[in-house]
Amino acid sequence: MLAVALLAALCLPGATRAQSSGDGATYTIVPGDTLGAIATRYSIPLDALIAANGIEDPSLIRAGQELIIPNADGSLPVAAVAATTETGTVRALAGETIATLATRFDQEPALVAELNGAPLSRRLFPGQPVQIPGQAVPPPAVNFGAIAAVDVPAAIVQGRTGRIYVDTSRPLLLRGDWNGQPLVFTAIGDDGLRQFAFVPVDSLLEQGTYPLNLGYITTRGDFVQRAWPVQVETGPYEYQEIVVSEDKAAVLTPDVVIAERERVVETWSQLTPSFFWEQPFQRPIDTDYPTTSPFGTRRTYSVADIGNFHAGQDFGAPEGTLITAPAPGVVVLSEPLAVRGNAVIIDHGRGVFTGYWHMSERKVETGMWVNAGDVLGLVGNTGLSTGAHLHWELRINGVAVDPMQFIDEPPFVGPEPAATAASQ
Ligand SMILES: [Zn+2]
């Protein structure tokens with residue numbers, strides 16, 4: 001099983017508050033915090049933080065909860081995240097150090113030192129690029145504080161999933177977003193110095209350039225971030241019209257369709273702490289059964305508001321054909337639905353879910369653990385289906401993406417660091 005250290009960022013950073021009081025310092029948890037990251041930020045052992053707060057289950061912290069920061073004095077940052085800090089590059093003059101350069105640009109020397117991963121006394125050569133906060137200049141080509149290397153895809157095709165890899169000089173709580181979606185970072189390996197996140201691209205997202213923002217909170221408590229451009233390219237998707245028979249259309253009232261959508265969206269909107277798989281997906285159905293309708297086809301339906309594109313991959317197969325799990329995970333839904341028929345959803349961890357619709361029979365129950373190859377159910381024609389087939393769907397952070405990509409590729413590459421340097 002893959003060793004996973006958790007450095008998850010669930011949400012974009014909000015206002016972080018740490019206050020000193022007569023009894024010592026308290027800290028208010030914000031969305032995306034983990035105990036490990038808080039301990040790192042205040043340079044205290046994780047055990048000490050857990051003990052000081054009498055925490056029985058470290059995974060059950062919640063936003064808004066107050067923590068006692070042991071051994072803290074008045075030197076704690078009182079406004080840990082004042083604002084998002086843009087950074088820029090300036091050039092050193094002859095004889096300057098980090099400290100004197102910071103003073104020249106009216107910046108906090110410790111923050112400049114942190115951003116550049118160098119001590120205050122570091123002597124700089126003339127013309128050497130140095131990062132400082134608050135400059136409206138293009139991002140520098142190298143060095144981003146404790147972030148040593150960032151590998152961001154330059155372009156992703158509609159409906160495909162990009163990967164971002166970040167190497168850091170110390171374990172960091174990375175925070176990022178792309179096109180309004182928070183990036184969910186997961187550490188690869190035991191040292192917590194390499195993390196990856198999926199960048200799932202909606203198949204209907206318009207072609208164009210969308211900035212990917214990435215940042216972290218420095219040891220001083222400042223949030224620093226930088227943006228990378230990611231191009232979205234048009235996918236090779238066709239168009240089809242689906243005519244639904246009148247007897248099936250009769251049960252698909254808007255109320256039924258909307259309630260069912262809320263049920264499945266609620267299911268795949270959870271975020272499990274662990275990541276459960278590291279090998280490419282196995283095919284969920286025997287290779288004898290080909291694709292009959294690929295992911296991403298633009299669709300119109302003759303009934304209700306079913307959707308406007310094909311959110312999964314269809315395999316035509318006779319009723320009763322075995323459907324198997326492509327990768328390990330936990331069954332989080334197994335029930336009959338009006339549109340999706342007999343349905344199963346598996347949680348593969350860290351916001352990744354697969355769905356199996358239209359089964360004749362379900363062979364698993366909610367809460368069961370499954371391994372790759374375990375039988376989930378049998379092919380059928382239940383729900384909104386025009387013939388026996390398996391509809392296989394992959395959701396990452398709620399976004400439907402092409403599941404076939406994960407048969408061809410492992411979920412991430414690791415643990416060796418990416419060759420790509422920062423900002424290339
Ligand atoms: Zn389908």
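All values below come from the heavy atoms of this structure, side chains included, with hydrogens, waters and symmetry mates left out. Starting from 1, each residue takes its place in the sequence as its number. Counting starts at 1 for both ligands and their atoms, following the listed order.
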Quick check on the Zn ion (ligand 1): does [X] put an N/O/S atom closer than 2.8 Å to it?
| X | result |
| --- | --- |
| His391 | yes |
| His310 | yes |
| Asp314 | yes |

May I ask you to check if Arg160 and Phe198 form a cation-pi contact, with NZ or CZ under 6.0 angstrom from the six-membered ring centre and within 45° of the axis?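 No.
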Hey, does the Lys NZ or Arg CZ of Arg226 hover above the aromatic six-ring of Phe144, less than 6.0 Å from the centre and inside 45° of the axis?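 Judged by the rule, Arg226 and Phe144 form a cation-pi pair.
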With a 4.0 Å cut-off, would you call Arg350 and Glu278 a salt bridge?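 Not counted as a salt bridge, because no side-chain N and carboxylate O are separated by less than 4.0 Å.
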Check each of Phe185, Tyr165, Phe275, Trp277 against Phe412 using the ring pair (Phe, Tyr, Trp, His ring centres under 6.0 Å) test, and report the only one that passes. Phe275
